[in-house]
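Since the structure comes first, as structure tokens, the remarks are kept for the end.
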Amino acid sequence: MIDVRLLRTQPDLVRNALQRRAKPEVLEQLDHAIRLDVRLRDIVTERDAARARINDLSKEVGALRREKKDAETLMSESRALGDREKALDEEYAQVEAVLRDVLLRIPNMPHPEVTDGTNSDDNVVARGPLQMPETFADHQRVPHWETGHALGILDSERAVKISGAMFTMQRGLGATLARALCQYALDRNADAFEEIRPPSLVSSATLTATGQLPKFADDAYNIGRDDLWCIPTAEAPLTSLHAGEILDESNLPVRLMAFSPCFRREAGSAGRDTRGMLRSHEFDKVEILALTTPESAPAMLEEFIERVTSTIASLGMPYRLLEICTGDLGQSHHRSIDVEVYAPGCDQWLEVSSISWFSDYQARRGDIRFRRDGKKGTEFVHTLNASALAVPRVWAAILENFRNADGSVTVPKALHPYMRGATLIPVPTATAR
RNA sequence: GGAACGAUGGCAGAGCGGACGAAUGCACCUGUCUUGAAAACAGGAGUGGGUUUACGCCUACCGGGGGUUCGAAUCCCUCUCGUUCCGCCA
């Protein structure tokens, strides 16, 4: 949520920043919010004046009563004011609700350094592939779904039988590999992050704090009977962990990480990436997250980039960094860098992580504040997060990058400790099938 | 799912219709005293909103929402959460 005060005092600053997102309707929402805010303050001023008078009157009534004097004149004046106050209060609640809804739908202001652009075509490669092989061999040019099925470690058909389209299921060493990736990602960040095992079902308030609600309700699974939502990412419960709290500056930064399943309806992407593991309704991910002071957020962003890229690099696959342009930036995002891994089999750069800085946008929604040492008052924290590792796409990229000429897949060395001794996913023998 | 009880400031805990933003204790901050500390004494401390150049002033907040009243932490309704007992269960 953007700051109403900023919108009030420096509307042009906000307008210019949001203009860069290249979404005309946002500017209309902005003007709407400004009008509502003006109206709201008029109401508040009059309502508070009425309340002040009522408070004075009831004190006088109390005094008269003690002296056994008649107070009917004052009481009737107060009654009339009470009616007015009630009407104003109702109007306040109405206007406030609309204003809040409008504000919740206005996106965050992009960081000044974010490149201008209108859509994903304008994203810029911030760091090219550092280890792109000259060429890939033919045996690496096999899509992971073919390899996965041939090796008996991916069973899409039965996943569809059990749950429907866009669900996947790994088996045997494939399942072990998926879990190994999570285990590995957690261990790589355990030096600085507290591991959390959060709930996978959360309240509407929780999904509103991170920005999924109210605007993107169609993208998440809703359990209407209990008014709960399946988390689309551990970002949601982790960000809200300190919702409504005032933290001490000395406790910052708060660093959290979590393994969790992620549930996404993928409402707008029917028919896209239907094969294999590139897009599914449920997947596993390890998320890292930080709550920081505003001034230390840029350094944390750099640290996150370093952590994510070094993890990907340690698996030995070509990757690149993408600076997301203003037109492609998510609603809550102040700045985002995507990490993509190259998958030679399907010849695609796969987004395996998004490293994001939300400035105080989520903190304002979730009411996460901090108090500076020895100072009065509070400020909103900055939130940052990143996928330390998203399983399916990394899993897919491994099957393509490390496919051998005989059809087997070599397990990256970094994962060996988590594979129960397996260093290779072999081609099944005829009898084993 | 059923029943009973409960929810007050950082914590503990009073208040049960009128000067209550709220006693008291602990914790905290600032003075005085002390070489320093402790103790003692004095004082100060919450959050949001509106308004003001500013000091400040007004307003709201005793789990959430609604009601009664001139006036609600206090009375009534309702929801949520917690504790205990029963039921069910990994």
Side-chain angles (χ1 to χ4, degrees), chain A residues 1-11 33-104 197-209 223-229 237 240-252 254 261 360 362-381:
Chain A
M1 198 152 57
I2 55 160
D3 185 1
V4 209
R5 280 222 184 81
L6 190 66
L7 189 55
R8 190 182 298 158
T9 55
Q10 303 184 59
I34 291 172
R35 287 196 302 275
L36 289 168
D37 177 56
V38 169
R39 178 74 195 117
L40 200 64
R41 278 182 298 146
D42 287 346
I43 297 169
V44 164
T45 303
E46 192 184 343
R47 184 197 62 184
D48 283 1
R51 283 179 175 171
R53 181 63 184 148
I54 291 170
N55 286 342
D56 287 345
L57 285 171
S58 42
K59 277 176 194 161
E60 289 177 41
V61 169
L64 286 174
R65 280 284 177 85
R66 272 191 293 277
E67 296 167 26
K68 307 273 192 240
K69 289 182 183 167
D70 177 59
E72 186 49 43
T73 318
L74 298 181
M75 281 161 67
S76 67
E77 186 190 345
S78 187
R79 263 192 293 270
L81 272 170
D83 290 343
R84 179 63 183 150
E85 192 265 353
K86 195 180 172 188
L88 286 165
D89 210 37
E90 277 167 18
E91 194 181 352
Y92 172 86
Q94 213 175 343
V95 175
E96 201 268 345
V98 177
L99 175 59
R100 179 171 164 79
D101 187 67
V102 171
L103 286 175
L104 284 175
R197 184 27 268 231
S200 303
L201 303 181
V202 299
S203 66
S204 297
T206 298
L207 272 202
T208 303
I223 301 172
R225 192 207 289 208
D226 298 296
D227 192 28
L228 288 168
W229 301 78
S240 285
L241 201 111
H242 290 294
E245 297 181 20
I246 300 170
L247 304 163
D248 288 335
E249 185 182 10
S250 58
N251 293 134
L252 298 179
V254 170
D360 62 2
Q362 294 182 325
R364 185 169 274 110
R365 287 169 159 251
D367 189 25
I368 312 165
R369 291 174 285 163
F370 75 100
R371 202 190 313 272
R372 290 194 188 271
D373 295 341
K375 288 205 175 173
K376 290 191 116 190
T378 59
E379 292 176 51
F380 288 104
V381 301

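Source: prediction; values computed, not measured. Below, chain A is the first sequence line, B the second, and so on; all start at residue 1. Basis for what follows: all heavy atoms, side chains included, without hydrogens, waters or symmetry-related copies.
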Tell me what A:Ser78 touches on the nucleic acid: a base, only sugar-phosphate, or nothing, going by heavy atoms under 4.0 Å.
sugar-phosphate
Residues that A:Ser200 engages under side-chain hydrogen bond (donor to acceptor under 3.5 Å, both in side chains), provided they are two or more places apart
A:Arg197
Can you sort out which residues in residues 48-55 of chain A have a heavy atom within less than 4.0 Å of RNA chain B? Ascending by number, please.
A:Asp48, A:Arg51, A:Ala52, A:Asn55
Are A:Asp37 and A:Arg41 close enough for a salt bridge, meaning some N to O gap below 4.0 Å?
yes
A:Glu90/A:Arg47 salt bridge by N-O under 4.0 Å criterion:
no
Positional range of nucleotides in RNA chain B within the contact set of chain A, heavy-atom, under 4.0 Å:
B:G18 to B:G71
What is the nucleic acid contact for A:Ser76, judged by heavy atoms within less than 4.0 Å: base, sugar-phosphate only, or nothing?
nothing
Would you mind pulling out the nucleotide paired to B:C57, Watson-Crick or G-U wobble, both distances under 3.5 Å?
B:G50
Could you work out the separation of B:G18 and B:U69 based on their C1' atoms and round it to a whole Å?
12 Å
For the P atoms, the ones on B:A27 and on B:C11, what distance do you get once it is rounded to whole angstrom?
16 Å
Is B:G63 paired to anything, Watson-Crick or G-U wobble with both distances less than 3.5 Å, and if yes, which nucleotide?
B:C79
Validation row: A:Arg39, A:Leu36 side chains within 4.5 angstrom (heavy atoms)
no
Using heavy-atom distances to pick each residue's nearest nucleotide on RNA chain B, tell me which of A:Gly62 and A:Asp56 is more 5'.
A:Gly62
As its Watson-Crick or G-U partner within any shown strand, both distances under 3.5 Å, B:C85 has B:G2
Closer to the 5' end of RNA chain B via nearest nucleotide, is it A:Asp89 or A:Asp37?
A:Asp37
